[in-house]
Structure formats: C-alpha cells, structure tokens
Amino acid sequence: MTLRLYDTATGEVRDFVPLAAGKAGIYVCGLTVQSEPHVGHVRSAVNFDVLRRWLAATGSDVTFIRNITDIDDKILTKAADQGRPWYNLAYDMKRELDRAYADLNVLPPTYEPAATGHVPEMIELIELLISKGHAYAAEDGSGDVYFDVRSWPSYGELTHQGIDDMEAATDADPRGKRDPRDFALWKGWKSDSEPRTASWPAPWGRGRPGWHIECSAMAGKYLGEAFDIHGGGVDLRFPHHENEQAQSRAAGGAFASYWLHNAWITTSGEKMSKSLGNSLLVPEVLKRVRGIELRYYMVAAHYRSHVEFSFEALDDAASAFQRIERFVEQYPGVVGELPDAFVAAMDDDLGTPAAVAVIHTLVREGNAQPGAAAKLAGQVRAMLAVLGLDPADPAWAAGGSGKAETALAAAMELVMQQRAKARADKDWPTADAIRDALAAAGIDVEDTPDGARWSIQNGSV
RNA sequence: GGUGGGUUGGCCGAGAGGCGAGGCAACGGACUGCAAAUCCGUGUACACGGGUUCAAAUCCCGUACCCACCUCCA
C-alpha cells in the first residue's frame with residue numbers, strides 16, 4: 001500500500017514518492033507570532049502533525065521543519081500600539097503558541113527556525129536572484145528589493161493563474177516596482193517610523209526581509225533545494241507559496257515535490273481572524289474540553305474540509321472521544337497492530353474520518369465481546385497513537401504537581417469505602433447521597449460488576 | 001474578471017454510480033437497588049431543475065446560494 005496525497009500543484013491525489021526512499025522532508029509554514037493563538041491557528045499544526053506521525057509510523061525517517069515568522073508589519077504595528085519592543089511581543093506570543101502546541105500534543109518539529117535568525121541566508125538568496133536577473137533593487141532609493149515576476153515565465157503555476165488575469169493590487173504602493181505584481185524580497189528601513197532594532201545591514205541598505213523569502217531560505221537550508229512536502233493553510237497558496245516557489249525555482253532549486261494545504265476552521269461562516277472575542281483562543285477553549293478532546297475534534301474531520309466551529313460540535317466530539325477512552329483505558333499497556341482498514345484510510349490522503357470510524361467500530365466490538373477486548377484495545381491504542389490521541393501518552397499528563405492527585409486518590413478511597421459499605425447494607429439513600437454530592441463536586445461515580453469507579457468530569461482536568 | 005472549494009438526516013461529519021461510514025442527540029429494549037457505562041434495536045439524508053443509466057448523493061447540462069484567495073491572514 002502506498003500513501004497518496006492531494007497535491008495542490010497538480011490538483012489531484014497522487015502517490016507519494018519521496019526523493020530518497022525511506023525519508024521524508026517536510027516544511028510547514030508556521031505562524032506569525034503577533035497574537036494569541038486561536039483554535040483555527042493550531043489546526044494546521046495538528047493536521048501536519050498527523051501527517052508526520054503517519055509517515056513515521058509507516059517507516060519513514062522524517063525531517064520536519066516548521067518556521068515561525070517573528071518579524072513583520074503586524075508585529076511592528078502591534079508592538080508599537082502596546083508600547084513595547086517588537087521582539088518582546090513576538091517572543092511572548094511564541095511562548096503562548098508553544099504552550100498551545102503542547103496542550104494539543106503536537107510534536108516539536110525537528111527544528112523551528114525563526115526568520116530573524118536567518119537574515120544572512122536570505123541576503124545570500126536575494127543576491128543570487130539579482131545576479132540571475134530575477135530581482136532588482138528599487139530605483140526610488142527606498143532600499144526595497146523586488147522579485148521580477150515578468151522574468152519568471154512559470155509564475156502562477158502553483159495556483160494555476162495567468163499573471164495577466166490577476167488583479168493588480170490596488171492598495172499596494174507601487175513605489176519602485178516594475179510591475180505591480182512584483183513582491184518584496186527586502187524592505188528598506190523606514191527610519192522615521194520603524195525601530196532600528198527591526199533592521200539589518202544589507203547590500204541595499206538597512207532593512208528587513210520580505211515575507212516570502214524567509215521560507216525559501218530556511219527550507220533550502222534545512223531540507224535542501226529539493227524536498228518532499230510543503231504544507232500550510234489554504235490562504236497561503238497565494239501569494240505566499242506561489243512566491244516561495246517562484247523565488248526558489250528562479251534561484252535554481254526544484255523546491256517542494258508536493259504541496260499540501262489544510263482548510264479553515266470558521267466561525268459563523270467567517271474566517272476566525274475576523275471574529276472577535278477571546279472565547280476561541282486555545283486556552284479558553286481548553287477550559288471547556290481537554291486538549292485531547294480538542295485534538296480529536298480536529299482529527300475527526302478531514303484536513304481539506306472546512307470546519308464550522310461550534311461548541312456544540314466540540315462537546316459532541318468530546319463525548320465521542322470519551323467513549324473510546326473509557327474502552328481503551330481498561331487495558332493499559334496493551335499495544336497491537338494497525339488494522340488494514342485503518343492503514344487504507346490513512347494512506348488515502350490522510351483519511352482521518354474513516355480512520356476514526358475504524359476506531360469506533362473496534363471499540364463497539366470490544367465492548368460487545370469481552371473475550372476479544374484486550375486484543376482490540378491494543379489495536380485501538382495503536383491507532384490512537386498514530387493520531388496523537390493515546391490517552392496514556394505522557395504528553396497529556398502535563399501540569400499539576402502530582403501531590404494533589406495523590407491526596408485526592410487517598411481521600412476518594414475513603415469515600416468510596418463508605419459508599420461501598422452503604423451499598424452492602426442496602427442503604428441506598430446514603431449511597432445515592434454520596435454519589436450525588438460527588439457529582440456536584442465534579443466527580444462521576446459508576447458502579448460496575450468489579451466495584452465502583454470514579455473519574456473527574458470532563459473539562460475539569 | 002481570474003483561481004480554488006462548498007451545499008449530505010435533529011446536529012457533526014465521511015463517501016463519490018449499485019448493498020444506509022462513523023459519532024453525538026432522540027426513542028424503545030436488555031443490564032442495574034436506582035443510575036452511569038455497555039450492548040441490541042429504531043432513521044430511507046444528500047441545494048434546486050433537467051438529462052445519461054438497468055441503477056445517480058455520486059456522471060453530464062443548467063440554476064441558486066455560500067466561502068476562500070488574487071501581494072505580508074493558518
């Protein structure tokens with residue numbers, strides 16, 4: 001069986017053939033660290049984390065690079081508004097983002113390069129483009145350098161657009177551009193409005209990198225001039241990815257073999273960045289459901305499908321996941337093989353919805369046939385691990401000192417003994433009163449043939 | 001204007017010519033002291049209008065509505 005992926009560049013699902021057998025190089029556009037991450041922001045990371053885990057699970061040696069953009073117009077503007085240094089804002093937001101990733105069990109990438117750490121590499125690349133006649137320094141003395149789209153005949157190939165069909169940007173200041181579609185590789189320092197700390201020396205004068213050049217430079221540095229997969233959100237197809245590819249190919253590299261794009265999570269039919277309110281920030285959402293449940297919600301939908309976010313759907317997803325969790329936790333430590341149906345689903349362009357359906361089917365079988373349950377639980381756990389959803393993964397245990405939990409467990413043992421005694425005496429009012437009181441305190445009690453079991457209610461963590 | 005995508009049952013969400021993915025919710029039953037959990041059962045959904053076909057949610061034509069991107073939004 002072979003992994004097949006939908007490639008934006010060709011517009012079809014095709015077999016994944018890595019440049020080097022057994023290896024996979026992936027570059028994913030991370031975020032511009034300019035504000036707190038909301039659930040839409042982290043979808044991309046979760047989706048590509050699944051891709052990465054799947055490749056690793058099927059024997060690939062994966063090099064996974066996800067950048068962060070830590071210098072851009074918005075960061076400068078916001079930091080100025082907030083009266084603090086831009087690098088402080090970027091760093092703060094990066095830490096928020098790291099926390100959100102950790103809360104969702106997104107594996108750290110092989111490396112996470114930041115734009116500001118790769119200015120020399122970008123300058124080198126820009127000089128190469130200038131020497132090849134694909135870029136030019138603006139003649140208006142601004143210090144800007146632009147990519148010359150007319151010099152690159154295949155410009156537009158990634159998004160299947162003809163250059164003359166594109167709307168010329170009406171809002172963009174033409175400055176020293178030869179063509180309005182030319183885009184900035186380097187932006188000259190505006191000494192009257194921008195801090196000097198946000199500029200670096202370059203052959204064209206002090207300035208800072210344009211947006212797209214960082215990814216070309218960093219992908220090239222860590223993955224080579226040709227690599228397997230480039231990923232990001234759909235909105236990045238144009239202009240960002242189109243420009244990246246144009247730059248990198250104009251400089252002489254083959255760049256990415258496959259382009260993968262994840263769809264949006266919207267709210268009220270709108271992209272989340274337009275929505276107001278903090279309720280969709282990852283830490284806020286995690287007050288309602290656990291990270292593993294939020295991750296399940298994302299994984300249960302296909303990465304190329306739009307998801308209309310709603311708390312109702314999120315709660316449903318949490319309920320569905322708890323069903324899986326209750327089953328698998330009865331058989332700790334058992335890990336089995338991946339069922340063929342699961343492998344087939346994942347190989348089909350990461351068909352996580354079908355893969356999740358396989359999980360549910362085995363859970364139902366396991367619940368119905370106690371004799372086969374342990375084996376099935378092992379298979380379920382193996383599948384969950386691939387999706388980053390194994391409840392036993394230590395990644396989910398983060399936070400808490402453990403002291404409180406130990407104390408709680410001891411206290412609960414006492415309470416449960418009391419209730420067991422009441423039940424043995426058929427003192428139902430007392431037994432029910434204890435159960436009701438615990439429920440009100442956020443603890444569920446269930447009676448099973450093997451005795452009572454308690455658990456913290458969903459969302460309380 | 002160009003490019004890409006969407007419209008599926010109460011809800012979420014797959015599928016892409018032929019036996020109703022899966023989950024949540026609901027209802028009935030089993031189990032339980034009562035619950036919970038679990039199991040069993042119950043649903044004829046594919047925006048609209050035509051067409052092709054033995055057979056269409058799936059293919060074709062047309063219509064409507066929605067969304068994204070078109071130079072620094074994941």
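Letters A, B, ... mirror the listed sequences (proteins, then strands); counts begin at 1. Fair warning: this is a prediction, and the values are worked out from it, not measured in the lab.
- Atom CZ in A:Arg43 sits about 12 Å away from atom C1' in B:G13, given to the nearest Å.
- Listed candidates were B:C70, B:A36, B:C40. Nearest to the side chain of A:Arg364 is B:C40.
- The backbone N or O of A:Glu446 sits nowhere less than 3.5 Å from a side-chain atom of A:Arg453 that would complete a donor-acceptor pair.
- Nearest nucleotide to the side chain of A:Ala431, out of B:C24, B:G33, B:C73: B:G33.
- Aromatic rings from A:His241 and A:His212 are positioned such that their centres are separated by 6.0 Å or more.
- Remark: RNA chain B takes part in the stems B:1-7 with B:64-70, B:10-12 with B:22-24, B:26-30 with B:38-42, B:47-51 with B:59-63, each of 3 or more antiparallel Watson-Crick or G-U pairs, criterion distances under 3.5 Å.
- Checked against a 6.0 Å centroid threshold, the rings of A:Phe64 and A:Tyr111 do not count as neighbours.
- Within the 4.0 Å cut-off from OP1 or OP2 of B:G5, at least one side-chain nitrogen or oxygen of A:Tyr6 is found.
- In this structure, A:Tyr146 has its ring center at least 6.0 angstrom away from the ring center of A:Phe183.
- Checked by atom type, the side-chain pair A:Thr32/A:Asp72 shows no donor-acceptor distance below 3.5 Å.
- Protein atom NZ of A:Lys426 is 11 Å distant from nucleotide atom P of B:C34, rounded to whole Å.
- The nearest whole Å value for the distance from the CG atom in A:Leu104 to the P atom in B:A74 is 17 Å.
- Nearest nucleotide to the A:Lys74 side chain, out of B:U71, B:C73, B:C39: B:C73.
- Distance, A:Leu236 CG to B:A74 P: 7 Å, rounded to whole Å.
- Using a 4.0 Å heavy-atom cutoff across all strands shown, A:His302 reaches sugar-phosphate atoms only and no base atom.
- For A:Lys187, no side-chain nitrogen or oxygen approaches OP1 or OP2 of B:C72 to under 4.0 Å.
- Nucleotides of RNA chain B nearest to A:Val307 and A:Glu365 differ in position, and the one nearer the 5' end is that of A:Val307.
- Nucleotides B:C67 and B:C72, compared at atom C1', are 22 Å apart to the nearest Å.
- Each of A:Thr159, A:Thr10, A:Thr8, A:Leu236 was scored for a side chain to side chain contact (heavy atoms under 4.5 Å, CB included) with A:Trp259, with one residue passing: A:Thr8.
- The P atoms of B:G23 and B:G41 are separated by 12 Å, rounded to the nearest whole Å.
- The side chain of A:Asp316 lies closest to B:C24 when the candidates are B:C24, B:C70, B:A14.
- The P atoms of B:G17 and B:A56 are separated by 14 Å, rounded to the nearest whole Å.
- Looking at heavy-atom distances under 4.0 Å, A:Ala357 makes contact with a base.
- The P atoms of B:A57 and B:A37 are separated by 37 Å, rounded to the nearest whole Å.
- As rounded to whole Å, 14 Å separates atom C1' of B:A36 from atom CG of A:Leu438.
- A:Gln161 and A:Glu242 are not linked by any side-chain donor-acceptor pair at a separation below 3.5 angstrom, with hydrogens and angles left out of the test.
- In terms of phosphate contacts, A:Ser305 brings a side-chain nitrogen or oxygen within less than 4.0 Å of OP1 or OP2 of B:A14.
- Here the nucleotide nearest the side chain of A:Asp235, chosen from B:C69, B:U3, B:C72, is B:C69.
- Side chain of A:His41 to main chain of A:Leu97: no donor-acceptor pair is present (N/O by atom type, distance under 3.5 Å, no hydrogens or angles).
- Proximity of A:Asn262 to the phosphate of B:A74: no side-chain N or O atom is located under 4.0 Å from OP1 or OP2.
- A:Glu312 comes within 4.0 angstrom of no nucleic acid atom, judged by non-hydrogen atoms across all strands.
- Across B:G1 and B:G15, the matching P atoms stand 31 Å from one another, rounded to whole Å.
- Which of B:A74, B:G33, B:G4 sits closest to the side chain of A:Arg237 comes down to B:G4.
- If you measure from atom CZ of A:Phe238 to atom C1' of B:G1, you get 15 Å, rounded to the nearest angstrom.
- For the C1' atoms, the distance from B:U58 to B:G6 is 16 Å, rounded to whole Å.
- When the P atom is compared between B:A45 and B:G10, the two are found 9 Å apart, to the nearest whole Å.
- An OP1 or OP2 oxygen of B:A25 is reached within less than 4.0 angstrom by no side-chain nitrogen or oxygen of A:Arg323.
- A centroid separation of 6.0 Å or more is found between the aromatic rings of A:His230 and A:Tyr258.
- For A:Asp182 and A:Tyr136, the side-chain atoms include at least one donor-acceptor pair closer than 3.5 Å.
- Comparing B:C40, B:G33, B:C73 against the side chain of A:Asp447 picks out B:G33 as the nearest.
- Between B:C31 and B:A36, the distance separating the two P atoms is 15 Å to the nearest Å.
- Closest-nucleotide positions on RNA chain B for A:Gly11 and A:Asp182 were compared, and the one nearer the 5' end corresponds to A:Gly11.
- Within 4.0 Å of A:Asp432, counting heavy atoms only, lies at least one base atom of the nucleic acid.
- Between A:Arg326 and the phosphate of B:U38, there is a side-chain N or O to OP1/OP2 separation shorter than 4.0 Å.
- A straight line from OH of A:Tyr297 to C1' of B:C12 spans 8 Å, rounded to a whole angstrom.
- Base engagement by A:Arg435 is indicated by at least one non-hydrogen atom pair under 4.0 Å involving a base atom.
- Out of B:C34, B:A74, B:C39, the shortest distance to the side chain of A:Trp264 is found at B:A74.
- Rounded to whole Å, the distance from OH on A:Tyr303 to P on B:A14 is 13 Å.
- The side chain of A:Ala301 lies closest to B:G13 when the candidates are B:G13, B:U3, B:G5.
- Heavy atoms from other residues, nucleotides or ligands lying under 6.0 Å from NZ of A:Lys375 number 12 at most.
- A:Asn243 comes within 4.0 angstrom of a nucleotide base, judged by non-hydrogen atoms across all strands.
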